[in-house]
Structure formats: structure tokens, C-alpha cells
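What follows is a single structure, written as C-alpha cells, with notes after it.
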Amino acid sequence: MFVDLGSFASLRDVEWVQRGLALLPPEDARLLARRWGLAGRPPQSIAELARQEGIPPIAMARRLQEAERRLLRMLGAAQRPRSATGSPAPRRANPGRGTAGSSAGSE
């Protein structure tokens with residue numbers, strides 16, 4: 001699953017995007033910045049990136065997808081509050097979603 005390019009293309013100055021890219025391996029950060037247009041240039045297509053890197057577009061799509069997954073995991077881990085023991089606090093279930101007795105049409 002890819003992150004919507006349009007949602008990130010307008011986030012050039014958002015601190016958490018820059019912080020997240022700093023957490024990634026440099027190659028991942030560089031590719032995502034080029035893909036999303038965060039390097040002071042317009043966003044580049046998967047085909048353009050693939051041609052520049054000398055790999056097939058499907059391989060570039062997979063690299064970008066993995067880099068996005070790593071970014072989202074790192075951002076989630078960086079923002080999760082820590083418990084008193086120093087380990088990440090357990091995640092809570094989303095209330096109201098998929099709970100017993102609830103249905104889409106009930107109020």
C-alpha cells in the first residue's frame with residue numbers, strides 16, 4: 001500500500017515528515033524525498049526514479065513501498081508514549097470499531 005503522494009507533496013515544512021526522514025537509512029530518505037518532491041524539486045514519478053536508478057519500475061515501486069512502511073513504523077515507534085519501565089506503552093484498541101453489539105447503521 002502506498003501513501004497518497006498528494007498528501008505528502010503539500011507537507012514540505014511539516015516537522016514530523018522531516019523528523020521521520022531523518023530516522024530512515026539515507027538511501028530510503030533520499031528516494032522518498034525525491035518521490036514526494038521534498039528535495040526542493042517537483043515530485044518524481046516511479047518511472048523517472050527507476051530510470052535514474054537503472055532498475056525496472058516494478059522494482060522501484062517495491063523499494064518505495066518498503067521505505068514508506070519503514071517510515072510509518074519508525075514514526076509510530078517515535079511517537080508512542082513510554083511506560084515507566086522504558087518500553088513502549090501497549091497499544092489500545094480503537095473504541096467503537098468492530099466492537100460487539102455495534103453495527104454500521106445503529107445509532
Side-chain angles (χ1 to χ4, degrees):
M1 170 168 78
F2 282 108
V3 176
D4 176 27
L5 177 63
S7 66
F8 278 97
S10 63
L11 296 177
R12 288 186 179 105
D13 298 319
V14 175
E15 179 184 328
W16 67 267
V17 173
Q18 298 301 329
R19 184 177 47 210
L21 290 176
L23 296 172
L24 289 175
E27 179 65 17
D28 287 351
R30 185 178 64 82
L31 280 176
L32 291 177
R34 289 168 49 204
R35 173 70 175 132
W36 295 335
L38 300 176
R41 299 182 299 196
Q44 294 181 288
S45 71
I46 291 172
E48 289 172 319
L49 291 171
R51 186 174 51 255
Q52 292 167 5
E53 297 292 320
I55 63 175
I58 189 69
M60 178 54 70
R62 289 181 183 136
R63 280 179 63 185
L64 288 166
Q65 194 172 35
E66 284 302 312
E68 288 174 357
R69 281 189 189 126
R70 278 191 287 278
L71 174 64
L72 294 173
R73 272 195 309 267
M74 288 182 170
L75 285 173
Q79 294 177 1
R80 216 175 302 151
R82 300 218 170 252
S83 69
T85 63
S87 60
R91 291 183 179 217
R92 296 183 350 184
N94 291 336
R97 293 188 182 210
T99 57
S102 67
S103 66
S106 65
E107 291 187 30

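- A distance of 13.0 Å separates CG of L24 from CZ of R30, quoted to the nearest 0.5 Å.
- Each of E27, E53, E48 was checked for a salt bridge (Lys or Arg N to Asp or Glu O under 4.0 Å) with R34, and the lone residue meeting it is E53.
- Side-chain contact check for L38 versus L32: every heavy-atom pair is 4.5 Å or farther apart.
- Residue Q44 comes nearest to R35 through the heavy atom pair O-NH1, 2.9 Å, listed as atom of the first residue, atom of the second, then distance.
- Remark: R70 CZ to R73 CZ distance equals 7.0 Å, nearest 0.5 Å.
- Closest non-hydrogen pair, I46 versus M60, comes out as O-CG, 3.8 Å.
- Ion pairing between R63 and E66 fails under the 4.0 Å rule for side-chain N and carboxylate O.
- Summarising the geometry, atom CG belonging to L31 is positioned 9.5 Å from atom CD belonging to Q52; distances are rounded to the nearest 0.5 Å.
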